[in-house]
Amino acid sequence: MTHSNITGKASPRRFRHATMRDFPQMQKIYAHARVLMAASGNPTQWGNEFPRESVILDDIANQRTMLLVDECNGRERILAQFALCPGQDPTYATIDGAWLDDDSYVTIHRIASSGLARHAARDCIKWALKHYGNVRADTHPNNKAMQHVLESSGFARCGLIQLHDRPTDTTRIAYQRHEW
């Protein structure tokens, strides 16, 4: 996963857990993602307030946030970030459709790319599949970019779920991929 870019030669990509020191840069990446989502016809999935600061800090504190990083010109860069949540996700307990199986799984939430390198979100998904095998995710019906990334990564559309943490705009398309 070595990629070069217009600003210089980049080192191989690697994954690491986020620390509180990463929080300011992570906030910038989420802000960038919200702008891109709105510009591509998906202004309501995260709106102006999601993911909430308290959720991001909790993800970091509980070692759920993974960062895809590289080095360019001697400085580490965050290329993408996501929360990797083990155990049953309460949001996924009810689905209009069917999951591929009832085996244990991890869920990818809050994935965002910094825009510094191509295929960063896809690399995050590949990493999760390699390390956990059975992965679930969901995205807004208007988030065509994430639907494309999930489907081109071999995920199956399993149905629709409803979020519990939002007052409106709660329907999400649910996906799963299980490496048997």
Side-chain angles (χ1 to χ4, degrees), residues 1-86 106-133 135-155 172-173 175 177 179:
M1 280 194 272
T2 301
H3 298 271
S4 61
N5 58 56
I6 59 174
T7 61
K9 182 92 170 132
S11 69
R13 296 177 180 192
R14 64 184 175 86
F15 287 88
R16 68 171 177 83
H17 285 281
T19 68
M20 291 300 177
R21 187 181 74 246
D22 299 309
F23 179 71
Q25 185 60 35
M26 291 175 62
Q27 285 288 75
K28 290 177 185 175
I29 293 169
Y30 281 128
H32 171 75
R34 286 190 292 271
V35 169
L36 287 179
M37 282 201 264
S40 67
N42 183 21
T44 59
Q45 180 174 353
W46 284 355
N48 294 320
E49 61 184 85
F50 288 97
R52 290 185 182 105
E53 183 176 308
S54 60
V55 171
I56 299 165
L57 291 170
D58 186 63
D59 283 343
I60 295 169
N62 288 292
Q63 297 283 295
R64 287 188 295 263
T65 302
M66 296 302 298
L67 303 178
L68 173 59
V69 300
D70 72 2
E71 283 191 20
C72 187
N73 299 324
R75 299 190 67 181
E76 183 182 78
R77 307 181 304 172
I78 299 173
L79 304 177
Q81 58 205 31
F82 62 101
L84 193 62
C85 305
V106 297
T107 305
I108 294 175
H109 284 300
R110 298 175 282 287
I111 192 166
S113 173
S114 66
L116 295 173
R118 294 178 48 82
H119 307 297
R122 189 178 322 270
D123 287 350
C124 293
I125 290 167
K126 284 181 185 177
W127 183 90
L129 286 165
K130 178 181 174 185
H131 288 85
Y132 294 94
V135 179
R136 293 181 182 181
D138 64 84
T139 195
H140 193 282
N142 291 338
N143 194 337
K144 303 301 183 197
M146 184 52 65
Q147 291 172 44
H148 174 74
V149 169
L150 290 167
E151 291 170 14
S152 65
S153 296
F155 279 73
R172 298 294 184 264
I173 302 169
Y175 288 89
R177 179 165 171 190
E179 297 291 295

Could you walk me through whether Met37 and Trp46 pass side chain to side chain contact (heavy atoms under 4.5 Å, CB included), step by step?
-> CA-CA 8 Å; Met37 282 201 264; Trp46 284 355; 2.9 Å; yes

Determine, step by step, whether Glu53 and Gln27 satisfy the side chain to side chain contact (heavy atoms under 4.5 Å, CB included) criterion, reporting the C-alpha distance in whole Å, the side-chain angles of both residues, the deciding distance to 0.1 Å, and the verdict.
-> CA-CA 8 Å; Glu53 183 176 308; Gln27 285 288 75; 4.0 Å; yes

Please lay out, stage by stage, how Asn73 and Arg75 fare under the test side chain to side chain contact (heavy atoms under 4.5 Å, CB included).
-> CA-CA 6 Å; Asn73 299 324; Arg75 299 190 67 181; 5.7 Å; no

Tell me, with the steps shown, if Phe155 and Val135 meet side chain to side chain contact (heavy atoms under 4.5 Å, CB included).
-> CA-CA 9 Å; Phe155 279 73; Val135 179; 3.9 Å; yes

Passes salt bridge (Lys or Arg N to Asp or Glu O under 4.0 Å), Arg16 versus Asp22? Steps please.
-> CA-CA 11 Å; Arg16 68 171 177 83; Asp22 299 309; 2.8 Å; yes

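A 4.5 Å side-chain heavy-atom check between Arg21 and Thr19 finds at least one atom pair inside the cut-off. Between Arg13 and Val69, the closest side-chain pair of non-hydrogen atoms is not below 4.5 Å. Contact of the Phe50 side chain with the Val55 side chain is not registered, since no non-hydrogen atoms from C-beta on lie closer than 4.5 Å. Taking the side chain as every heavy atom from C-beta outward, Met20 and Leu57 approach each other to under 4.5 Å. Residues Met26 and Ile29 are not in side-chain contact: their nearest non-hydrogen atoms beyond the backbone lie 4.5 Å or more apart. The shortest side-chain heavy-atom distance between Arg122 and His148 falls under the 4.5 Å cut-off.
Residue Lys28 holds its NZ atom at 13.0 Å from NE2 of His32, rounded to the nearest 0.5 Å. Rounding to the nearest 0.5 angstrom, the gap separating the CG atom in Asn62 from the CZ atom in Arg64 is 4.5 Å. The distance from the OG atom of Ser153 to the CG atom of Leu129 is 7.5 Å, given to the nearest 0.5 Å. Between atom CG of residue Leu68 and atom CG of residue Leu116 there is a gap of 10.5 Å, rounded to the nearest 0.5 Å. Rounding to the nearest 0.5 angstrom, the gap separating the CD1 atom in Ile78 from the OG atom in Ser113 is 11.5 Å. One finds the CG atom of Asp123 at 6.0 Å from the CZ atom of Phe15 (value rounded to the nearest 0.5 Å).
Side-chain atoms of Thr65 and Arg110 form no donor-acceptor pair, as typed in the model, at a separation below 3.5 Å. A donor-acceptor contact under 3.5 angstrom links the side chains of Gln45 and Asn42, judged on distance only. Side-chain polar atoms of Tyr132 and Glu179 form no donor-acceptor pair below 3.5 angstrom.
In summary, Arg14 and Glu76 engage in a salt bridge, as defined by a charged side-chain N under 4.0 Å from a carboxylate O. Salt-bridge annotation for Asp70 and Arg77: present, with a side-chain N of the basic residue lying under 4.0 Å from a carboxylate O of the acidic one.
Nearest heavy-atom pair, Thr107 versus His109, reported as atom, atom and distance to 0.1 Å: CG2-NE2, 3.1 Å. Nearest heavy-atom pair across Pro86 and Val106 is CA-CG1, 3.9 Å. Minimum heavy-atom separation, His140 to Arg172: CD2-NH1, 3.2 Å. The minimum heavy-atom distance between Leu150 and Ala137, with the atom names listed, is CD2-CB, 4.1 Å. Here the closest non-hydrogen pair linking Gly47 and Arg34 is O-CD, 3.0 Å. Here the closest non-hydrogen pair linking Leu79 and Ala120 is O-CB, 3.7 Å.
Partners of Asn48 under the side chain to side chain donor-acceptor pair (under 3.5 Å) rule, at least two apart in sequence or in another chain, do not exist in this structure.
Remark: the backbone N or O of Gln63 is paired with a side-chain donor or acceptor of His17 at under 3.5 angstrom. Put simply, the side chain of Gln81 never gets that close to the backbone of Ile111: no donor and acceptor are under 3.5 Å apart.
If you run side-chain contact (heavy atoms from CB on, under 4.5 Å) between Tyr175 and each of Asp138, Thr139, Ile108, only Thr139 comes through.
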